[in-house]
Asks: 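One structure is given below, represented as structure tokens, and several questions about it will come after.
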Amino acid sequence: MKNRQNRQKKAQPLPILFICISVLPAVILTLMFTIWPTAQALYLSFTNATSLGLNNKFVRLDNYIYMFHDKSFIQALINTAKLMAVVPVITIFCSLVLAFVLNQCKLKEMVLYRTLFYFPNIVSLTVVGIIWSFVFHPNVGIVNKILGAVGLESLQRSWLGDSKTALWCIAFTLLWQAAGYYMVMHIAAMDGISPEIYESATLDGASAWRKLISITMPLMKDIIGITFVLALSGTINLSFVLSQVMTGGGPNGASSVLLQYMYTQGFVNGNFGYAMAITVFTLAISVALSMLSIRQNICFTVIFCYIVQISISKPTQNEKSKIRAKVIKWVTRLFLILVAIIMLYPLAWNVVSSFKTSTEFLTDPFAWPQGLAWDNYVRAYEKSNLAANFGNSIYVVLEPLVIIVVCVVPCSYCLVRYKFPGAKLILNIYMAAIFIQATYIMIPLFLQMNKLNLLNSLTALGVLYATMQFPFAIFLLTGFLRSIPRDYEEAAMIDGCGPFRIFTSIIIPMCKPGIVTVCMISAMAAWNEYPVALVMVTDPTKATLPVGLANLYEIQRYATDWGALFAALVLALIPTVILFIVGQKQLVQGLSVGGVKG
């Protein structure tokens with residue numbers, strides 16, 4: 001009887017209509033706003049296309065040849081190479097250290113520390129750039145203040161105005177913003193390693209080195225490879241925003257990066273063809289280095305897992321070992337408190353400064369305010385389009401969520417559960433599309449939206465935001481769906497349920513944590529997105545909040561109305577903070593299951 005049921009399952013025809021309805025909307029949007037613009041970017045890189053759109057000619061490899069004779073490009077390439085060589089390595093190492101400490105020490109306040117360390121990741125990169133610009137400020141910055149307090153005045157400098165330090169200030173800001181995100185994924189991977197495996201290996205006489213090679217390394221290396229690739233791609237893309245906000249690429253190109261130089265050539269100088277050659281080159285090295293890093297992440301795994309292996313060795317139960325354990329526990333707690341201060345101080349300083357008058361801030365930027373200057377918030381509202389910016393951002397957050405739930409959830413389900421022709425190809429395309437960030441294809445998207453008369457359209461911007469999130473959302477959801485046993489669906493099929501009923505009544509309720517995670521990540525990404533909104537929306541009344549804040553920063557930095565600027569930054573933080581507090585449990589659970597299984 002069991003064999004007959006298996007034959008019936010195998011003979012079950014594919015629900016073609018359900019698959020088409022579920023998969024095609026996401027695929028069509030991806031073709032329109034990711035695949036086609038990418039192909040167009042490749043084509044434009046071989047032309048002399050300009051913003052005027054007149055007499056575009058095919059120039060073969062001239063753009064690529066000229067790149068290596070362009071001193072500004074060479075400088076941007078060297079700066080990007082420095083960031084790529086340093087930031088992903090240190091970020092992943094620090095995130096592994098934090099994950100290891102939180103996972104192994106089992107402190108009562110572990111959840112609190114995990115939340116605090118993840119918190120910088122939810123902050124808009126525009127806000128991060130503005131806040132850290134003040135941290136490195138030569139007159140009011142905390143860095144020079146600390147150096148002066150410890151008697152190292154000779155090291156004080158204009159950190160963002162010095163060609164030797166500007167790029168590394170951006171690098172540190174990237175590390176501060178991203179470490180907590182990868183920490184959560186590494187904690188999930190470590191939680192997945194059962195202690196019973198190590199206990200069994202110990203009973204079999206396995207040495208620490210053997211357990212490292214045979215157990216820990218195979219179980220950790222995949223997730224380390226994934227996070228390293230994400231960190232590498234993130235460094236290339238996010239450095240554009242920080243460089244644009246913090247330094248403008250200065251001084252004299254010392255902090256210019258490839259994507260920022262692409263933006264300058266395309267949207268400032270109007271050289272679309274040359275800008276696209278820079279983009280294609282940047283994307284090529286990003287993919288190549290990512291593929292190489294997947295094979296070379298073994299060093300991370302060996303070094304870090306050796307630390308893990310030592311830490312989980314069962315200590316001898318004597319008085320000295322107990323004292324040593326207590327000392328280690330308190331040293332660990334002090335270490336975590338120090339990291340928490342580094343993560344939270346810039347944000348807390350911003351909140352405190354938002355209640356100071358300009359005179360108080362300039363007199364002593366680190367003292368507590370003498371009173372609560374609520375008029376800073378009034379001026380922040382009156383001197384800017386903050387209300388309109390908030391409304392625009394809310395709109396372009398809600399619209400992508402609807403599109404993602406309607407398109408991505410059923411598409412992910414079909415790609416995981418049904419082996420229809422092209423399923424594997426579609427899934428591989430989406431995994432590859434993780435590398436194709438919207439920053440790479442801004443110019444083709446701009447031209448496409450211009451032809452469709454959709455520039456300055458918040459609805460069109462929302463569609464772009466949704467499509468931008470498709471690859472990573474499908475990556476997370478397919479990982480989550482693979483963790484759901486098929487038994488429930490098979491039982492429902494035996495009871496006569498069709499694919500649509502199974503999807504709506506069984507899969508969606510069971511997949512709720514994954515859907516909530518995708519929605520939270522997509523909402524925060526749309527709320528915080530800067531480059532695409534900068535290009536697609538030129539009408540100030542339709543600008544989103546990150547663009548509005550960047551414009552306000554440019555105005556207020558010369559008007560020296562710092563209180564109003566800090567108040568605006570606090571207002572921008574409130575929605576993401578509320579969203580994170582409400583849904584942090586689901587977010588961590590979804591990242592843990594989807595990110596590791598995917």
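Note that the numbering runs from 1 along the sequence shown for the chain.
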Asks: Go through the structure and list residues passing side chain to side chain donor-acceptor pair (under 3.5 Å) with Thr544, not counting sequence neighbours.
Replies: none
Asks: Kindly determine whether Tyr261 and Asp70 satisfy side-chain hydrogen bond (donor to acceptor under 3.5 Å, both in side chains), including the steps that lead there.
Replies: CA-CA 11 Å; Tyr261 188 60; Asp70 182 355; 2.4 Å; yes
Asks: Name all pairs fulfilling the salt bridge (charged side-chain N to carboxylate O under 4.0 Å, His left out) condition that reach into residues 521-549, sequence neighbours left out, sorted by first residue then second.
Replies: none
Asks: Heavy atoms, side chains only, cut-off 4.5 Å: are Asn528 and Thr126 in contact?
Replies: no
Asks: Can you name the closest pair of heavy atoms from Ala523 and Leu401 and give their distance?
Replies: N-CD2, 4.0 Å
Asks: So Ile434 and Val229, do their side chains get closer than 4.5 Å, heavy atoms only?
Replies: no
Asks: Is the Tyr377 to Phe355 ring centre distance short of 6.0 Å?
Replies: yes
Asks: Who passes side chain to side chain donor-acceptor pair (under 3.5 Å) against Ser243, sequence neighbours left out?
Replies: Gln260
Asks: Nearest 0.5 angstrom please: Trp132 CH2 to Met246 CE, how far?
Replies: 8.5 Å
Asks: Locate the shortest heavy-atom distance separating Lys356 from Glu360; write the atom from each residue and the value.
Replies: CA-OE1, 3.4 Å
Asks: Taking all heavy atoms of Gly148 and all of Glu153, pick out the closest pair and write down the distance.
Replies: O-OE2, 3.3 Å
Asks: I need the minimum non-hydrogen distance between Ser239 and Leu83, along with the two atoms involved.
Replies: CB-CD1, 3.8 Å
Asks: Which one of Phe361, Trp562, Phe134 satisfies the side chain to side chain contact (heavy atoms under 4.5 Å, CB included) criterion with Ser353?
Replies: Phe361
Asks: Where do Asn392 and Ala543 come nearest, in terms of heavy atoms and distance?
Replies: ND2-O, 2.9 Å
Asks: Identify the two heavy atoms, one from Ser95 and one from Met183, that lie closest to each other, and give their separation to 0.1 Å.
Replies: CB-N, 3.5 Å
